[in-house]
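Letters go in sequence order (proteins before strands), and every chain restarts at 1.
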There are 2 protein chains.
Amino acid sequence: MGLALCLLSHLKLYQNMNLATPPVITPESVKVACSNCNLRELCMPAGFNANDMKKLDEIVATRRRVKQGDMLFSNGDAFTSLYAIRTGFFKTCISTEDGREQVTGFQMAGEIIGLDGIVTDHHSCNAVALEDAEVCVMPFANVEDLSREFPLLQRHVHKIMSREIVRENSVMMLLGNMRAEERLAAFLLNLTQRLHARGFSQTELTLRMSREEIGSYLGMKLETVSRAFSKFSDDGIIEVKQRYVRILNTDALKKIFNPETCN
Amino acid sequence: MGLALCLLSHLKLYQNMNLATPPVITPESVKVACSNCNLRELCMPAGFNANDMKKLDEIVATRRRVKQGDMLFSNGDAFTSLYAIRTGFFKTCISTEDGREQVTGFQMAGEIIGLDGIVTDHHSCNAVALEDAEVCVMPFANVEDLSREFPLLQRHVHKIMSREIVRENSVMMLLGNMRAEERLAAFLLNLTQRLHARGFSQTELTLRMSREEIGSYLGMKLETVSRAFSKFSDDGIIEVKQRYVRILNTDALKKIFNPETCN
DNA sequence: ATCACTCCTTGATGCAAATCAAACGATAAT
DNA sequence: ATTATCGTTTGATTTGCATCAAGGAGTGAT
């Protein structure tokens, strides 16, 4: 059984860990409108004609820059808009009063954040920029209005929300059933897959988050994350230097993630 | 600080663990149409006039009975419909090829299942009836068509999906950061809260799932679940006899769930 | 360059939960 | 009633990860 197929039949766990699994795009300069945005294929549904796209441009009210370390929104903030990430990298997290923090996701260009705010009209998590970022502000009222007009957009919005539900299901599997090295393997495979879909290398990446943030997402302590990295490195599966990671043996990672079915 | 408030400020974790936190309803006989359904307040948005409700009845195509142990849908099935639970109790779960299973949720009357299927047009989890059940089959095409007509319904659908995302965020916090007894306390508080919203006792319940299924949901082994039950029982917090549970000290449960802020 | 700070790595030890194991209780079948 | 089956409880032991601790590497400020 081929590895790709093996992983497909196996829950597509690391593939579900991200918000979007879109077509490859090539980086180039862009204009403000969605219709000219090079992230369009990541953010917007396919199948619109030029006229429709014009209308769709109305969905984005403004752009907003967020400096590294700053919050795009935080727990308790009134919900008004969804945000499409244009550049930069975010984490979303929730925390308890006694200081325990859970990272609920990492988001990159082309992905949508803010869905948590719809149900109560207030956000229930924090969205923190892990590097300087720019987002498209999409007032949710616009999204809903245009959704009623364009069934394709409506379906797209539903798919985005459903994808997030399915992703979180996969994270529950990770947290509930997998061991430390399996979790980290799934994490690395997921990250590189998403980066690859954005035109980056499949085997090389620079992490935008600390060991502690990875650990928070994966339900383990930073020391355990570090040890798992070192183990992979000792085994010749990856090369690590601080936040630079080079994957030397993708198949080995896939086997760690899913030892039974890949062989 | 009052306990209710304490928990509100503390992430509302166990409150987020369910799909719906609706108003109390009283059981009585019902007709087939949504407009006459006594679960209407759980399933449908408020604010519709009689005429609107008539149209809304079109959303439900049929009813379907599911016997205990049978699946409403399973991984890989084509997605066509959402399902509103009329009676009975479900679990949703995903599994790996090497046999590890993760329960992703337990659903009761008035809650909606099937959202996972939207993104790929195929379901990615199994929905198993834990007791004989009846569901309203809502073809998703109907849902989308009527959503474009009725902004209130559109918003309602969005809220249901957002609520599920927020619930899963809370489960991630449970799985990533909490200890066995905290998880079980949160689980019991969540279940009783949802049952109470359906007109049942706040302090007494009969579990519909096994220790193993609870454990799968909470990321622990059945023995650990059993031990946690016994511990609560020894401490006089609950009374357990197999699947019957009576909560003797809700405040103590809340303290276990959130030791820091409740005192 | 030096210092301060943050992040990361590695080692030693402790512990919560998993695993292994056995017995018990409830339910259904014969 | 008797047996079989399944779910649950409880005890003994193991183990994977957390915790505690110390030092190293990278980065920015002065």
Please report, rounded to the nearest Å, how far the [atom2] atom of [N] is from the [atom1] atom of [X].
{"X": "Asn177(A)", "N": "dC17(D)", "atom1": "CG", "atom2": "P", "result": "13 Å"}
{"X": "Gln242(B)", "N": "dT10(D)", "atom1": "CD", "atom2": "P", "result": "11 Å"}
{"X": "Gln68(B)", "N": "dG7(D)", "atom1": "CD", "atom2": "P", "result": "11 Å"}
{"X": "Arg183(A)", "N": "dG16(D)", "atom1": "CZ", "atom2": "C1'", "result": "11 Å"}
{"X": "Arg179(B)", "N": "dC17(D)", "atom1": "CZ", "atom2": "P", "result": "18 Å"}
{"X": "Phe229(B)", "N": "dG7(D)", "atom1": "CZ", "atom2": "P", "result": "16 Å"}
{"X": "Arg211(A)", "N": "dA18(D)", "atom1": "CZ", "atom2": "P", "result": "15 Å"}
{"X": "Tyr244(A)", "N": "dT27(D)", "atom1": "OH", "atom2": "P", "result": "15 Å"}

Review point. For Ala228(B) and Leu184(B), which heavy atoms make the closest approach, and how far apart are they?
Key: CB-CD2, 3.6 Å
Practice item. For the residue pair Phe106(B) and Tyr217(B), categorise the inter-ring angle as parallel (less than 30°), tilted (30 to 60°) or perpendicular (more than 60°). Key: perpendicular
Categorize [X] for me: base, sugar-phosphate, or nothing, with a 4.0 angstrom heavy-atom threshold over every strand shown.
{"X": "Ser230(A)", "answer": "sugar-phosphate"}
{"X": "Arg243(A)", "answer": "sugar-phosphate"}
{"X": "Gly219(B)", "answer": "sugar-phosphate"}

Review point. Does the dC20(D) base have a donor-acceptor partner in the side chain of Glu223(A) within less than 3.5 Å?
Key: yes
Review point. Got a donor-acceptor pair under 3.5 Å from the side chain of Arg227(B) to the base of dG11(D)?
Key: yes
Point to revise | Residue that, paired with Arg183(B), satisfies side chain to side chain contact (heavy atoms under 4.5 Å, CB included) out of Thr224(B), Leu175(B), Asn177(B) | key: Leu175(B)
Study note, to complete from the structure: dist Glu204(B):CD -> Ile247(B):CD1 (nearest 0.5 Å) comes out at 10.0 Å
Check your understanding: Less than 4.0 Å between a side-chain N and a carboxylate O, is that true for Lys255(B) and Asp251(B)?
Key -> no
Check your understanding: Hey, are Arg167(B) and Glu111(B) close enough for a salt bridge, meaning a charged N less than 4.0 Å from a carboxylate O?
Key -> no
**Study point:** side-chain N/O Lys241(A) vs dG26(D) OP1/OP2, d < 4.0 Å
**Key:** yes
Check your understanding: Of all nucleotides in DNA chain C with an atom under 4.0 Å from a non-hydrogen atom of chain A, which is the first and which the last going 5' to 3'?
Key -> dC7(C) to dA12(C)
Exercise for review: Only one of Arg243(A), Lys91(A), Arg208(A) passes salt bridge (charged side-chain N to carboxylate O under 4.0 Å, His left out) with Glu131(A); say which it is.
Suggested key: Arg208(A)
